[in-house]
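Source: prediction; values computed, not measured.
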Amino acid sequence: MAQRYRVFHSLPAPPMIDSPTSDPPTPNRERFVPLAGLLAVLVPGLGHVYLRELWRGVGVAVGVLGLFFGGILIGGIDAVDSKEDRIWFFVQSLVGPVAFAVDRYHQSRFKAYEVGQRQRRRTGNPGELRERNPQGVWIWKQSPGAMPPNSKSLGHANEIGTLAATIAGMLNLIAILDALFHRQTRVEIPPPKEPD
Amino acid sequence: MLFPIAHCLLPLASSPFPIAHCLLPIAFSPFPHASSPLPLASSPLSTLAWRPMLDPLPVGDAWPLLLIPLSLGISIAYKAVRVGSIGSYPKAVLVMTTQIVLAMIAMGIVANLFVRFVLPAIIPVSP
């Protein structure tokens, strides 16, 4: 036992990079932190803030939310659409509740049915006005010169906007897993030394 | 829509000067096919009518420039998880952003060469 104790303490201490004020040098092992994972799912970066890695959480939040809302800025709100771009939305939803909120807002405030059809809600075309019919259903009404509340996203802007919001979801998955299986220290590979 | 990266690369591949087509169409282009004089908008009216977050950005022919903020966002989020200390974070973000942009430009050049020289050799196209 004493031998084992001596061997353990003869090992080099792991590098304490993130929390140099921690008292005992803990081995560089993964910890399973379900609450951090849950918080990371709810708000990008919040899991790392909970783990007292503020700058890491801020970086994740800026990167993920910047990509998500940057994608909406580029492609319009049509870049997040669970009905017409379902497979893309599966990955975008990894950003968290904010993705569902944006999609819900998009579906409820910007789409309507064609007159006489109840199969599919769609984005309005130029010259259409969104109106509620006597049954309380939102429909598109022809109105020359009218602008719908948003424009259908097409072409490169739609592709890059959708891609940016989707990559945001992928990156947040990495951040969620990193918070869930947390390593307190991360070993950086030092640059090779130049010969003297 | 299903293959956005391929869609982004296709105009590069069909351009004889992919880098110039991507990065130099701001003021004017020496190549007649390259871009319109106003790359950020097809017309001033379309810019005036643009409603942020509701309408797609009227990027016109300057859409490859969107690669830079896209790469920057990816690097910010990924390196926040990856690097060991905040001291090395900004440099790691800049390096990764540059690597992504250069890699995409290189892929555009390779795709361009493939479409212009390799494909015609494999499948001759009659005029």
Side-chain angles (χ1 to χ4, degrees), chain A residues 15 17-18 44-45 48 53-79 84-85 87-88 110 147 149-164 166-168 170-172 174-175 177-179 185-188, chain B residues 1-12 22 39-42 45-46 48-93 95-97 100 104:
Chain A
I17 294 167
D18 287 328
H48 286 91
E53 294 182 330
L54 181 64
W55 70 269
R56 218 182 278 282
V58 170
V60 169
V62 169
V64 170
L65 294 178
L67 272 176
F68 184 74
F69 287 106
I72 295 175
L73 182 71
I74 293 168
I77 196 168
D78 200 38
E84 294 180 49
D85 301 321
I87 295 175
W88 291 97
F110 295 97
M147 281 286 286
N150 75 317
S151 302
K152 183 72 180 167
S153 182
L154 298 168
H156 294 311
N158 179 47
E159 290 161 355
I160 296 177
T162 306
L163 184 66
T166 306
I167 291 174
M170 294 176 180
L171 287 168
N172 199 39
I174 294 174
L177 293 175
D178 188 70
T185 59
R186 291 155 209 247
V187 179
E188 282 189 291
Chain B
M1 190 56 214
L2 284 176
F3 305 102
I5 295 176
H7 277 253
C8 292
L9 285 175
L10 277 178
L12 302 183
C22 290
L40 290 175
S42 53
L45 282 178
S46 65
L48 286 175
W50 179 58
R51 296 164 293 182
M53 314 296 268
L54 300 180
D55 299 332
L57 190 69
V59 285
D61 287 341
W63 63 269
L65 294 176
L66 295 173
L67 171 67
I68 296 170
L70 186 70
S71 311
L72 184 65
I74 292 170
S75 307
I76 288 173
Y78 182 71
K79 286 298 178 183
V81 175
R82 195 83 181 100
V83 298
S85 66
I86 191 170
S88 56
Y89 180 52
K91 185 183 173 187
V93 168
V95 167
M96 185 176 172
T97 304
I100 295 174
M104 293 298 284

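- Listed by chain and residue number, nothing satisfies the salt bridge (charged side-chain N to carboxylate O under 4.0 Å, His left out) test with B/K91 (two or more places apart in sequence, or in another chain).
- Side-chain contact between B/Y89 and A/R56: absent, with no pair of heavy atoms (C-beta onward) separated by less than 4.5 Å.
- Only the side chain of A/I167 comes within contact range of chain B, with heavy atoms under 4.5 Å apart.
- With a 4.5 Å cut-off on non-hydrogen atoms, A/L171 touches chain B through its side chain but not through its backbone.
- In this structure, chain B has no heavy atom under 4.5 Å from any part of A/P44.
- With a 4.5 angstrom heavy-atom cutoff, A/I72 touches chain B via backbone and side-chain atoms both.
- Between chain B and the options A/S151, A/G63, A/A79, the largest number of non-hydrogen pairs under 4.5 Å is found for A/S151.
- Annotation: salt bridge (Lys or Arg N to Asp or Glu O under 4.0 Å) contacts involving residues 57-72 of chain A, sequence neighbours excluded, are absent.
- Looking only at side-chain heavy atoms (C-beta outward), B/I74 and B/M96 come within less than 4.5 Å of each other.
- Heavy-atom contacts from other residues, nucleotides or ligands closer than 6.0 Å to CZ of A/F110 number more than 12.
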